[in-house]
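Read through the structure below, which is laid out as structure tokens, and then see the notes.
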Amino acid sequence: MFGCLVAGRLVQTVAQQVAEDKFVFDIPDYENINHVVVFMLGTIPFPEGMGGSVYFSYPDSNGLPVWQLLGFVTNGKPSAIFKISGLKSGEGSQHPFGAMNIVRTPSVAQIGISVELLDSLAQQTPVGNAAVSSVDSFTQFTQKMLDNFYNFASSFAISQAQMTPSPSEMFIPANVVLKWYENFQRRLAQNPLFWKT
């Protein structure tokens with residue numbers, strides 16, 4: 001019914017069923033993982049009005065499981081990417097896996113999926129830093145590059161009174177660089193691929 005994917009590893013499609021409506025995937029060497037993808041295989045849909053809450057569990061310093069709600073998957077949203085790298089030091093949250101006798105290894109984390117009513121899923125609040133940024137890495141790079149260029153160019157700004165005439169050099173007014181910077185940011189926000197046209 002479910003699959004789990006970690007970059008650089010084989011896809012896991014066989015979850016351990018720990019209850020009629022609860023499934024877990026073991027994630028070895030979890031300390032070196034940044035993101036995890038949870039998805040439905042497409043073979044069995046959720047029953048009408050149901051979905052799956054997705055949890056991440058890692059062992060605390062005493063070896064006890066700390067469960068944190070990441071989000072959910074449904075028939076209408078059959079996959080999700082979660083950032084787990086910042087969660088390993090956070091606090092646990094309420095979870096449906098507490099009474100389960102799940103076999104654990106100290107260096108293994110788990111992804112848990114609990115089949116629940118959609119109404120119940122809508123009322124749950126995932127940990128804030130589990131959501132993956134919707135801004136892609138190219139847009140982030142471009143924004144950082146713009147900021148860096150503007151800051152670099154501005155660090156050489158001098159007033160007209162401070163300028164010494166030098167016929168072999170060209171000067172660009174700082175307000176022209178600022179106008180370019182603002183226009184580029186605006187166009188990037190409207191369409192990150194505008195530069196391709």
Side-chain angles (χ1 to χ4, degrees), residues 1-47 49-141:
M1 184 168 185
F2 303 106
C4 181
L5 175 65
V6 174
R9 300 186 184 183
L10 294 174
V11 175
Q12 294 186 47
T13 57
V14 181
Q16 177 186 355
Q17 189 167 0
V18 294
E20 183 180 337
D21 58 351
K22 294 181 182 39
F23 306 85
V24 294
F25 290 100
D26 287 339
I27 310 290
D29 193 27
Y30 71 95
E31 296 91 347
N32 298 315
I33 297 173
N34 292 320
H35 297 85
V36 65
V37 180
V38 175
F39 56 94
M40 296 177 63
L41 296 175
T43 54
I44 303 171
F46 283 110
M50 303 294 277
S53 57
V54 179
Y55 291 84
F56 174 65
S57 170
Y58 64 93
D60 67 8
S61 58
N62 298 320
L64 300 173
V66 176
W67 289 92
Q68 296 177 324
L69 177 65
L70 299 177
F72 61 90
V73 290
T74 64
N75 291 336
K77 181 186 172 226
S79 64
I81 303 171
F82 302 108
K83 182 178 179 183
I84 62 170
S85 58
L87 303 181
K88 297 162 197 153
S89 60
E91 292 289 319
S93 60
Q94 285 189 324
H95 60 87
F97 296 94
M100 306 278 152
N101 232 353
I102 302 171
V103 178
R104 306 189 60 93
T105 308
S107 63
V108 175
Q110 291 181 316
I111 295 294
I113 303 167
S114 175
V115 178
E116 301 173 17
L117 292 169
L118 290 177
D119 291 339
S120 175
L121 294 178
Q123 296 174 15
Q124 297 174 359
T125 306
V127 290
N129 51 351
V132 174
S133 172
S134 60
V135 178
D136 68 15
S137 59
F138 173 76
T139 303
Q140 287 178 327
F141 167 75

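Fair warning: this is a prediction, and the values are worked out from it, not measured in the lab.
- Looking at heavy atoms from C-beta onward, Lys22 lies out of side-chain contact with Ile113 at the 4.5 angstrom threshold.
- With Gln12 contributing its side chain and Asp26 its backbone, the two residues share a donor-acceptor pair below 3.5 Å.
- To the nearest 0.5 Å, atoms CD1 (Ile33) and OH (Tyr58) are separated by 14.5 Å.
- Between the CD1 atom of Ile111 and the CD1 atom of Ile27 there is a distance of 5.0 Å, given to the nearest 0.5 Å.
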**Message:** Run the side chain to side chain contact (heavy atoms under 4.5 Å, CB included) test on Tyr30 and Val6 for me, step by step, so that the C-alpha distance in whole Å, both residues' side-chain angles and the decisive distance to 0.1 Å come before the verdict.
**Reply:** CA-CA 10 Å; Tyr30 71 95; Val6 174; over 6 Å; no
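- Put simply, NE2 on His35 and CZ on Phe82 are 11.5 Å apart, with the number rounded to the nearest 0.5 Å.
- Of all heavy-atom pairs between Asp21 and Phe23, the closest is C-CE1, 4.1 Å.
- A pairwise comparison of heavy atoms in Pro65 and Ser57 identifies CB-OG, 3.5 Å as the closest pair.
- Residues passing the ring pair (Phe, Tyr, Trp, His ring centres under 6.0 Å) test with Phe72, sequence neighbours excluded: none.
- Atom CD of Gln17 and atom CZ of Phe2 lie 9.5 Å apart (nearest 0.5 Å).
- In this structure, the side-chain contact (heavy atoms from CB on, under 4.5 Å) partners of Gln124, at least two apart in sequence or on a different chain, are Ser53, Tyr55, Leu69, Glu116, Ser120, Leu121.
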**Message:** For Leu117 and Met50: C-alpha separation, side-chain torsions, deciding distance, then whether side chain to side chain contact (heavy atoms under 4.5 Å, CB included) applies.
**Reply:** CA-CA 4 Å; Leu117 292 169; Met50 303 294 277; 3.4 Å; yes
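- In this structure, CE in Met40 is found 7.5 Å from OG1 in Thr74, a value given to the nearest 0.5 Å.
- In this structure, CG on Leu118 lies 8.5 Å from CZ on Phe46, to the nearest 0.5 angstrom.
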